[in-house]
Every structure is written in C-alpha cells, then in structure tokens.
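Sequence lines set the chain letters: A, B, ... in the order given, protein chains first and strands last, and positions in each chain run from 1. Remember, it's a predicted structure, so these values are computed and weren't measured experimentally.
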Protein chains: 2
Amino acid sequence: MKYNPVTHAIVEKLKEICGENYVFTDPEKLEPYSHDETPAEQFSHLPEVVVMPIKTEQISQIMKLANKNKIPVTPRGAGSGLSGGAIPVCGGIIVSLEKMNKILEIDTQNMMVTLEPGVITNEVNEKIEELGLFFAGYPMSVETCFIGGNLAENAGGGRAVKYGVTDRYIMGIEVVLPDGEIITLGGKRVKDVTGYNLKQLFIGSEGTLGIITRVIIKLLPLPSAKVDLLVLFKDIKQAISLVPKIMTETRIIPTSIEFMDQLSVQSSCEYLNEHLPYQDAGAMLLIEVDGNSQKEVEREAEIIGELCLKHNALEVYVADNYTTQERVWAVRRNIAEAFKVVSPQQSLEDIVVPISVIAEVVEEIQAIAKKYDILIPCYGHAGDGNLHATLVKNPDHSYQKWLEIEHGVLMDLYRLVKAKGGTISGEHGIGSKRKDYLSMVCSETEIKVMKKIKEAIDPNNIMNPGKIFK
Amino acid sequence: MKYNPVTHAIVEKLKEICGENYVFTDPEKLEPYSHDETPAEQFSHLPEVVVMPIKTEQISQIMKLANKNKIPVTPRGAGSGLSGGAIPVCGGIIVSLEKMNKILEIDTQNMMVTLEPGVITNEVNEKIEELGLFFAGYPMSVETCFIGGNLAENAGGGRAVKYGVTDRYIMGIEVVLPDGEIITLGGKRVKDVTGYNLKQLFIGSEGTLGIITRVIIKLLPLPSAKVDLLVLFKDIKQAISLVPKIMTETRIIPTSIEFMDQLSVQSSCEYLNEHLPYQDAGAMLLIEVDGNSQKEVEREAEIIGELCLKHNALEVYVADNYTTQERVWAVRRNIAEAFKVVSPQQSLEDIVVPISVIAEVVEEIQAIAKKYDILIPCYGHAGDGNLHATLVKNPDHSYQKWLEIEHGVLMDLYRLVKAKGGTISGEHGIGSKRKDYLSMVCSETEIKVMKKIKEAIDPNNIMNPGKIFK
C-alpha cells in the first residue's frame, strides 16, 4: 500500500477543519508524537502533521479528507501505551484526542458516565468518588492514560481478578469510521443483543478500525472496605504456585493478586526511596480484598493470610489503612518506571497463561534468561495469569548483540507461552511491537478473518496502518 | 440470493460424512426442526434435511459441501430460542448439535469447563455444584437450553444484574466457518488482547457467521448464602420506580431484581397451581442477594427490604430457605409458558431501556395496550431494564385483526423504546422475528458495517440466512 504525503494543501484543509491553532507541523512540536511508552527507540516514527480536534464532526471531516487522499491517520490518547499503538509508523496525520477531554455527564440514576476520549482515567474516579461510585476497569497507568486509549487497547490492570477489564464496563461508544461516517453503538443499557456486537469489535482494535469519540461507562458502588496483604515468600515458585490455590481453596475471589519478584521490588523501592520488608524475600504477592463490610473483608483477608502461611509464606503483612495501602501499591505501580531507569534497553512483555501453569512458566522464563545471559525480572497480575516479564539488556553486551538476543528471547518466550495455552498480550496489545509475532499465537485462518474485517471497514488501509498485522 | 435445493446426491454425501443414521429427510422427522419456542406460527419453516454430526470435522465437511453447492445451513441447539434464530427460513440443511453433548473437561485448577455445544446448561451447574463452583451466565430456560445456543444468542437471564450475561464467562470457542475452516479463539486465559476480539463477534451472532463447536467457560465459586425477597406493591409504577433506587440508594448490587405485574403472577400461579400472596398486589419485585456470609447477605436483604417499605411496598416476604426460594422462582420462570396456555396468539417482547426510565416506559406500554384494545402484561429483568412485554391477542378480535394490530403495536413499542434510549432485544435476539424492525434502532451505517462483516466471512450467504438482516 502506497500512501500520499501530507502536502501543504492538505495542511491548509486541516486548518480549515480544526482551526489554525489546532494543526501542527513544526518538527519540535511533532517529536513528542513520535513515540509512546514502549521502551525501545526502534519503534519511534514522526508524523507529518498533528491535529487536535475538539469535536466529532471535525474528526469525521479529517477522516473523509484522509480517505479521499490516501493519507494514514493514527489516533492518539495520552501516549502511555506499551506496544507502539499510537506511533504513526507510516507517517501521515496524528489525530490527538487531548482537547476532547470533557466529562459530559454523570448519570447517578443509571450509574453511568459519558466521557470524551481524552479524559484522564483517574479524573473520572476522583469526580465520582464522593458519589460513592467508581469505574472498575482501569489500568495501572490510571494517573496518565486517557479513556479513549484504554478502550482502544482494552486495557487491563490490577483489579481484573474480581472486576474484569475495560470492556466489561463500556455500555456505549461513538466511533468515526475510516470513511468519516459516524456510528453510535450501544447506549445506557446493560443488555443488548441487537445484531452483531460491533462495540466489542472496536474495543481493543487498537485504533485500526475507527476513532472512538465518545464513551458511556457503567459504574459500580464504591466498596466501603478493603484490606491489602503483602505476603513474602522465600522464592518465586512458592509465591506463584499459591496463586490458583487462593481462589480454588478459599473460594474467595480477591480484587487483585499481584506478583513481584525480588528484583522488581528492589528496583521499585530504590526508585521511590521506599522501604518494604523485602530483604529476605525472593518474591511477594500483593493481595487485595474488598467489599461492603469491614468485618467480612477482614474475615476473607484472614482466611487468605492463613492459607499463605500454611503454604510456606515467610510473613503476611496486613495493610488495612489508606496510607500503608498506597505505599505498597505505589511500589507495585512503579516497577516499570524503575526498570526504565535501570536500563533503557529492555523489552517489557505482557504474556498471559492459564493460572494453573504460571509457576512452571515463570521457572522456564528463568531458564531462558540463563540461556541468553540476560535478566528477566517478572512481576504483574498473577491472579489473571498475566505477567510482565521484562527482558533487560546485560550491561556487558553490545547494543547490536542486545538487538540480536532480543528477537531470540522473544521467540523462545512466545513459543513457551503458546505451548502452555497462553498468548503474547494480556493488556498491552500487539501494536507495532508485536505484529511480527502475531502468527505465533493466532492461526492463519484467525488472522485471515481479522484482515477481512479490517479490509471491509477500512478498504484503503488508512486507519492506523502498520499495527497488529505484518 | 438464490439457493440450490438439497438433492438426493447431496443427501448421500451428507450420509457419507455423518453416517446413515444421522441424516434425516422424512417429513415427520423434519417437523420438530421447523420451529423454536417463538409463539407464532408464521415463523415456522421446514428444513430439507436434518443432520446430527458428532464431531467438529464432520461439521467442517458439511459446511464445505454446502458452501460449494450454495445450500443454506442453519445450526440448531435445543430449539428453545425466542426469535426464530434456529428456524431454517430458507430451507436447506439443519445442523443439529444435539449429539455433541459431552462435558469434555472440568478443570478445577483454572476453574473452567470445556463443553460441546449440545450440553444442556443446567447439566453443567449440577455437575460442578459439588465442587463448589457455578456458571453464572445462564438464561431462564436453563433446564432445556443448550450451551451453544446460549452463545449464539448471548443469552441473558435473571442474574445479570450482578453477574452479567453469557459472554462474560466465555474464555474460548472453536468455530466452523461458512467455508468449512475451523478456528479456535481465546483459551484458558482471562485476559487476551491479541488482535481483534473475534470471540465476542461470534458470540451473539445468531449462527450467521459460523457454528460454535466447543466452548471454554469460566466458573465462579458458588456463593454459600442467598436470600430472596418477594416485595408486593399496590401498582406497577410503585414497584418499577423503586428499581434504580435499590442500587443507587443502598449501593448494593443484588443478584437479581425481577419484576412481575399482577396478570403475570396470576397466570403463572394458575398454571402451576401455586399460591403466592398476590391477591392485593398490582405488581411484585423478586429481589435476590447472594454472597459468602449468611449474616452479610441477611444484612443486605434487610437494608433492601427496609428501602422497599419506606417506598410504599405493601409487604416484604423473605424467602431464606431452598424450598420457598424455588417456589417463588418457579412462578417467575413459568410466566412465558403460562401465557402460551392463555393465548397462543401473542408476541413475547424483549425490550431493554435505561433503568432510570423503566417506570415511564411501563406506563406508556399500558397506554399502547389501551389504544389497540389488547392486553400487554409485563414481567422480566427489571434490574437490567429488560422487560418481557407480552402482546396478547384480544379474544374478541379475529386472527386477521390480530396480525394487523401486532405490527402496529410493535411499531409503537419499538418507537417508544428507541425514544427512551433503549433497544428491541436484550437477550432473545433479532432472528427472523425482529429483522424487519432492526433499522428502527440501528442506524443505516451500523447495519452497513454489520453486513460488510457478514459478507466478508460468509460471501455466499449460506450461514443461517434470513436472520438479523431484512
């Protein structure tokens, strides 16, 4: 597919649509839009122009213009993605949703909010907290990520064990299609089987089928009580093999079961200048239980704590107040940032496997690390079988060697994941980072069906090209 | 689209594929496959042949044969659908899944079951109950419906307020495509963002995109405690206007909030020879709360009961033992059956609206009933805004008049629903029953996108044709 360049005439037309002050072509203004949070330089690419529409109709006109002129368009939220989804790898137009950042409605009767895509996720929860409500489907990057990006990637996060991921809470969306037409899917109704589930098709399609311009989200009553347990283990295997048991033996579904190995905890603690009691521990689980009765939540936490001690936990620390809970969770949330400081040459992975096999998968990952003489610290959402194995360059290796090794490690890792019934991304997406590996976990037929759908909706392939598919 | 007939040669080939004893062409054997549970004769249509494959590979061969020869294929589960989805309206081949009825695996480690599509839904829950697990996504017809049909329709049910509907629990599916290719989507993993969410596209596609041949379902720990409240009100409005308040004022999400008007309760009680204390009540709510602590569940039921009494409930009956709970729920579950006895000329509707407006919608439905001089009793899943308004022929009207009236009532009803932000089906599907009305609630663009997807996956339109689209 050959694309046309963004000519001066196209830029002028974009200015007519969005206004002069909302269209940028200066190289220094374009640079921040050339990458996301994927920690690797090889994925970056400059757009030719960045536009910042403030309403759906403008986006419709932009898409009509781009479609007619065969110019690639990449929608972009906060740029906090981890698979290169918002990077304009074919150049063209970036449609930044940062100016479409209004909370349009808080509907307490239906317990729903209507948002523009550029709203920062945390902003919603802060606004509705006083109403005793919350949005349960948010990812770890809650302080920076935009709602629109969460939908585009179907973001996961740390509460998915109990609450599921983003898509569970999305009741309705408005989307601008590649040809500029606007559709509204779903609405303020919690059941809907009217034709195909197009809403779910657009969610998680990584901006390759259209631009989400409005979102209706279902809220839940905010649980009034929660307890966090920080559980220390001698080694990784003991920690991780306990994960399925927590649910099968206690029959309690915790809000979160997060896993951190020693290196993850150390790095994050150093980064934050924090001191957790991690000295002797080879691994930790961070387990949260929530509910509407403090007593009941404490009872459940106690049952889980006892199970942990029965299964060789070194220590169970209880965090039952806000300050301590925040401290512990900050360590977990900042691991990725901390690793970036340790080494900018790394590959943050996002594998997911059946929870029954996570213990053996973590063991085999350590064998892969040994084989290539690199470190692969692990942390992540163990309760979902979703682990952020992070390939970190050996400081003794050259950059060239790292690039060679990286591919080999990823092949080994993805082969392992496939063999164990897992897949290569649980929440970060395929984007440009993993598109060469999609065929390792999806069959030829599955990819063929996906491509047929892409072609049916975007025949000119202008909508975020170079993502998902090779 | 012209289809070819099922010739003698085709029947012979089907016998080669499935074996002589699994292919039927006798008219009396075909008759039961000419209708589902949609209560109206005008929807029935005979197939030309019924085949009963026992494995996926046979279905693949059937589809290849049908696709090559342009013969329509209609997949069929238990035939308990309520929108004509399993009726072969273009003739051709019925692929009945009734012989593919094995529970293939119960995986307690991952809390998942793997099933063939012909398994009866209740069978699963009975098998796993002793393991302390349950499948939370099942519909009211749990004693007859097949798992495959639940997926095809994305069945809802009475527990959706808390637990959501079928699709939330479907981790993986195997599907035979219209061209006979077999794909596996998802697997034993609770997070997965590897490419487009094809799994969700097939779920609820009413058998028009492929035949689901295997299903992996996520289970939950069976709650150890539940309490049902049967709450009596003077009139419909008082009952239904309380529904959103239960969630917004108590911040408790009950398992179920079911609504029954007087006629529904009376009819079902007479049908079952049951006696509920309904004499003075114009309407009832049946509210269920469940959890893992009897005390906590009782506390929540008490809070809800008090709210009901504060808002004019005549009486709150507590059903806290299995026998009483079963009696009350049997009345709710048998309303549809009871109405069929009252009048075979009826239209069982499945509208869904935002819960904030259900009270006014129910009022306006009564105005529509008055306008056409018929009865429209209402019952259903009020907690989801999902109401089974049932148009019942006035015994004084001729059958011809009923047919004329029916269309007018449906137009008025669907216009009302659309105006209130709702849609025409919450759980029964579009099928052949509602396809002429799809454009009343879906935009031209939305239908166009659905059709493009249908054409991309089934270019010969042989897969359950005559459903969803006009």
Side-chain angles (χ1 to χ4, degrees), chain A residues 108-111 132 153-154 156 160 165 168 181 183-185 187-198 200-201 203-205 221 244 247-248 251 253 293 296 352-356 384-386 421-427 429-430 438 441-443 445-446 449-450 452-453 456-457 468, chain B residues 108-111 132 153-154 156 160 165 168 181 183 185 187-198 200-201 203-205 220-221 244 247-248 251 253 293 296 352-356 384-386 421-427 429-430 438 441-443 445-446 449-450 452-453 456-457 468:
Chain A
T108 52
Q109 277 278 84
N110 289 303
M111 297 204 289
E153 302 294 326
N154 194 17
V165 301
R168 185 181 292 181
E181 290 206 60
I183 50 173
T184 304
L185 303 169
K188 287 184 182 174
R189 43 203 189 235
V190 293
K191 279 178 176 173
D192 188 344
V193 293
T194 319
Y196 299 153
N197 196 340
L198 296 184
Q200 287 286 4
L201 181 66
I203 296 171
S205 66
M247 290 178 278
T248 56
R251 300 264 165 74
I253 301 289
S293 143
E296 176 62 10
V352 57
V353 294
I355 59 163
S356 63
D384 309 314
N386 183 202
T423 192
I424 59 178
S425 183
E427 50 182 27
I430 301 301
L438 185 69
V441 286
C442 293
S443 71
T445 311
E446 185 177 352
V449 174
M450 288 182 199
K452 277 184 190 171
I453 290 169
I457 295 176
I468 302 179
Chain B
T108 51
Q109 276 279 84
N110 289 304
M111 300 204 287
E153 302 295 326
N154 195 17
V165 301
R168 184 181 293 184
E181 290 207 61
I183 50 172
L185 303 170
K188 287 184 183 174
R189 42 202 190 235
V190 293
K191 279 179 177 171
D192 187 345
V193 292
T194 319
Y196 299 153
N197 196 341
L198 296 183
Q200 287 286 5
L201 181 66
I203 296 171
S205 66
L220 291 181
M247 291 178 277
T248 56
R251 300 265 163 77
I253 302 289
S293 143
E296 176 62 10
V352 57
V353 294
I355 60 163
S356 62
D384 309 314
N386 183 202
T423 190
I424 59 176
S425 183
E427 49 182 29
I430 301 301
L438 185 69
V441 285
C442 293
S443 71
T445 311
E446 186 178 353
V449 174
M450 288 184 198
K452 277 184 190 172
I453 290 170
I457 295 175
I468 302 177

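Contact of A/E181 with chain B is made through the side chain alone, with heavy-atom distances under 4.5 Å. Only the backbone of A/V353 comes within less than 4.5 Å of a heavy atom of chain B; no side-chain atom from C-beta onward does. Heavy-atom distances place the side chain of A/I183, and not its backbone, under 4.5 Å from chain B. Residue contact with chain B, scored on non-hydrogen atoms closer than 4.5 Å, involves the side chain of A/E296 exclusively. If you measure heavy-atom distances from B/S205 to chain A, the contacts under 4.5 Å come from both the backbone and the side chain. Looking at A/M450, the atoms closer than 4.5 Å to chain B (heavy atoms on both sides) sit in the backbone and in the side chain alike. Using a 4.5 Å cut-off between heavy atoms, A/S293 touches chain B through backbone and side chain atoms alike.
A donor-acceptor pair is defined here as one N or O able to donate and one able to accept, closer than 3.5 Å; no such pair exists between the side chain of A/D384 and the backbone of B/V190.
Closest non-hydrogen pair, B/A456 versus A/K452, comes out as O-CD, 3.1 Å. Residues B/I453 and A/I457 come closest through the heavy atom pair CD1-CD1, 4.4 Å.
Listed by chain and residue number, nothing satisfies the salt bridge (Lys or Arg N to Asp or Glu O under 4.0 Å) test with A/E446 (two or more places apart in sequence, or in another chain).
Interface check for chain A: of the options B/L201, B/I430, B/I253, B/I468, the most heavy-atom pairs under 4.5 Å are formed by B/I430.
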